[in-house]
Visitor: 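My structure is below; once you've seen it, I'll send some questions.
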Amino acid sequence: MLRIACVLLVARSGALLLQLRDDQAPYYPNVWGLPGGAIEPGETPLEAAERELWEETSLRPATPLRPFTTQKLAPQHRLKHYFYGPTTATQSDVVLGEGAAMLFIPAASALARPFTPGSAEVISTFLSSPEYAELTAPPTTT
């Protein structure tokens, strides 16, 4: 089973960072997914998520990534670990390190595209979650 780490990175606007895989991708070319990739030997899922985010975007989250869910995709022989976090980055801060595009997509239109297996379901769940609501809540004043 291939272990994968994925990142749900949320901009201040609530937009989600999505990757359009290029036609050279060894798996699922020309569809959308999240920044992430295979967990290397000796690496924890969190370490892989942080590494993949940096390699693919040159971005770091504004706060440490937190676990969201784990998803077993038996037909694809994959176990996907999803982490989430906020970013202060904007589109101009993204350095495309892999894929055809890496874009902050508004939540309302994020699911209107073809995705890698399992991604759309997790993104849909995340966008309606308390975790996403917390990241996109207006700052409180005391």
Side-chain angles (χ1 to χ4, degrees), residues 1-22 24-74 76-142:
M1 176 119 353
L2 183 61
R3 297 181 331 134
I4 307 288
C6 301
V7 179
L8 297 147
L9 193 68
V10 180
R12 286 183 177 164
S13 66
L16 192 62
L17 188 65
L18 300 178
Q19 178 194 50
L20 176 58
R21 298 170 62 82
D22 63 27
Q24 301 302 310
Y27 305 101
Y28 313 108
N30 303 312
V31 297
W32 291 84
L34 295 165
I39 300 169
E40 295 179 357
E43 205 173 36
T44 68
L46 176 58
E47 290 168 341
E50 292 168 338
R51 176 185 52 75
E52 289 285 348
L53 180 64
W54 177 254
E55 288 176 0
E56 295 180 2
T57 68
S58 293
L59 297 179
R60 302 251 189 241
T63 63
L65 292 174
R66 294 182 273 177
F68 181 65
T69 193
T70 301
Q71 178 186 47
K72 186 174 183 179
L73 299 169
Q76 290 81 24
H77 306 288
R78 284 169 171 58
L79 179 63
K80 294 173 84 173
H81 300 265
Y82 293 87
F83 296 87
Y84 73 99
T87 185
T88 57
T90 63
Q91 188 63 53
S92 63
D93 297 315
V94 177
V95 176
L96 181 63
E98 187 176 304
M102 190 74 72
L103 303 171
F104 282 104
I105 305 291
S109 61
L111 293 169
R113 59 201 77 242
F115 278 99
T116 57
S119 296
E121 295 83 358
V122 170
I123 292 168
S124 177
T125 300
F126 178 70
L127 292 175
S128 62
S129 72
E131 291 88 345
Y132 178 76
E134 177 187 327
L135 292 180
T136 57
T140 58
T141 57
T142 54

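For the single chain, residues carry numbers from 1 onward in sequence order. Source: prediction; values computed, not measured. All heavy atoms count here, side chains included; hydrogens, waters and symmetry mates do not.
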Visitor: Distance from D22 atom CG to N30 atom CG, nearest 0.5 Å?
Guide: 7.5 Å
Visitor: As an exercise, state the distance from CD of E50 to OG1 of T44, rounded to the nearest 0.5 Å.
Guide: 7.5 Å
Visitor: Give the minimum heavy-atom separation between I4 and C6, together with the two atoms involved.
Guide: CG2-SG, 3.7 Å
Visitor: With F104, which residues qualify under ring pair (Phe, Tyr, Trp, His ring centres under 6.0 Å), at least two apart?
Guide: none
Visitor: Could you grab the distance from atom CZ of R60 to atom OG1 of T87, nearest 0.5 Å is fine?
Guide: 11.5 Å
Visitor: Quick one: side chain to side chain donor-acceptor pair (under 3.5 Å) pairs with a partner in residues 112-124, sequence neighbours left out?
Guide: K80-S119, T116-S119
Visitor: Distance-only, no hydrogens or angles: does the Q71 side chain make a donor-acceptor pair with backbone N or O of G118 under 3.5 Å?
Guide: yes
Visitor: Hey, mind stepping through L34 and I123 against side chain to side chain contact (heavy atoms under 4.5 Å, CB included) and telling me if it holds?
Guide: CA-CA 9 Å; L34 295 165; I123 292 168; 4.0 Å; yes
Visitor: Any non-hydrogen side-chain atom of V7 less than 4.5 Å from a side-chain atom of L17?
Guide: no
Visitor: Using side-chain heavy atoms (C-beta onward) and a distance below 4.5 Å, is K72 in contact with M1?
Guide: yes
Visitor: Y132: what forms a ring pair (Phe, Tyr, Trp, His ring centres under 6.0 Å) with it, not counting sequence neighbours?
Guide: F126
Visitor: Please report the shortest heavy-atom distance between L96 and G99, naming the atom on each side.
Guide: CD2-O, 3.5 Å
Visitor: Taking only residues two or more places apart in sequence, or in another chain, which ones meet E56 in a side chain to side chain donor-acceptor pair (under 3.5 Å)?
Guide: none
Visitor: Under the criterion side chain to side chain contact (heavy atoms under 4.5 Å, CB included), I'd like the reasoning laid out for W32 against L103: C-alpha separation, chi angles, the key distance, then a yes or no.
Guide: CA-CA 10 Å; W32 291 84; L103 303 171; 3.9 Å; yes
Visitor: I need the minimum non-hydrogen distance between A5 and A49, along with the two atoms involved.
Guide: CB-N, 3.6 Å
Visitor: Might you point out which heavy atoms bring M102 and P35 nearest each other, and give the distance in Å?
Guide: SD-CG, 3.9 Å
Visitor: How long is the straight-line distance from OG1 of T70 back to CZ of F83, given to the nearest 0.5 Å?
Guide: 7.0 Å
Visitor: Counting N and O atoms only, with roles assigned by atom type, does the side chain of E98 sit under 3.5 Å from a partner on the main chain of E55, one being a donor and the other an acceptor?
Guide: no
Visitor: Working to the nearest 0.5 Å, report the span between CG of L2 and CD of Q76.
Guide: 11.0 Å
Visitor: So, for P67 and Y84, which heavy atoms are closest and what is the spacing to 0.1 Å?
Guide: O-CE2, 3.5 Å
Visitor: Nearest 0.5 Å, please: how far is CG in L65 from NE2 in H81?
Guide: 14.0 Å
Visitor: Would you call V10 and L16 a side-chain contact if the rule is heavy atoms closer than 4.5 Å?
Guide: yes
Visitor: What pairs meet the side chain to side chain donor-acceptor pair (under 3.5 Å) rule with one or both residues in residues 1-16, with sequence neighbours excluded?
Guide: none
Visitor: Donor-acceptor pair, R21 side chain versus Y28 backbone, under 3.5 Å?
Guide: yes
Visitor: Who passes side chain to side chain donor-acceptor pair (under 3.5 Å) against E43, sequence neighbours left out?
Guide: R51
Visitor: Work out which heavy atom in L59 is nearest to a heavy atom in L53; give both atom names and the distance.
Guide: O-CG, 3.6 Å
Visitor: Is there a side-chain contact between R78 and Y27, using heavy atoms and a 4.5 Å cut-off?
Guide: yes
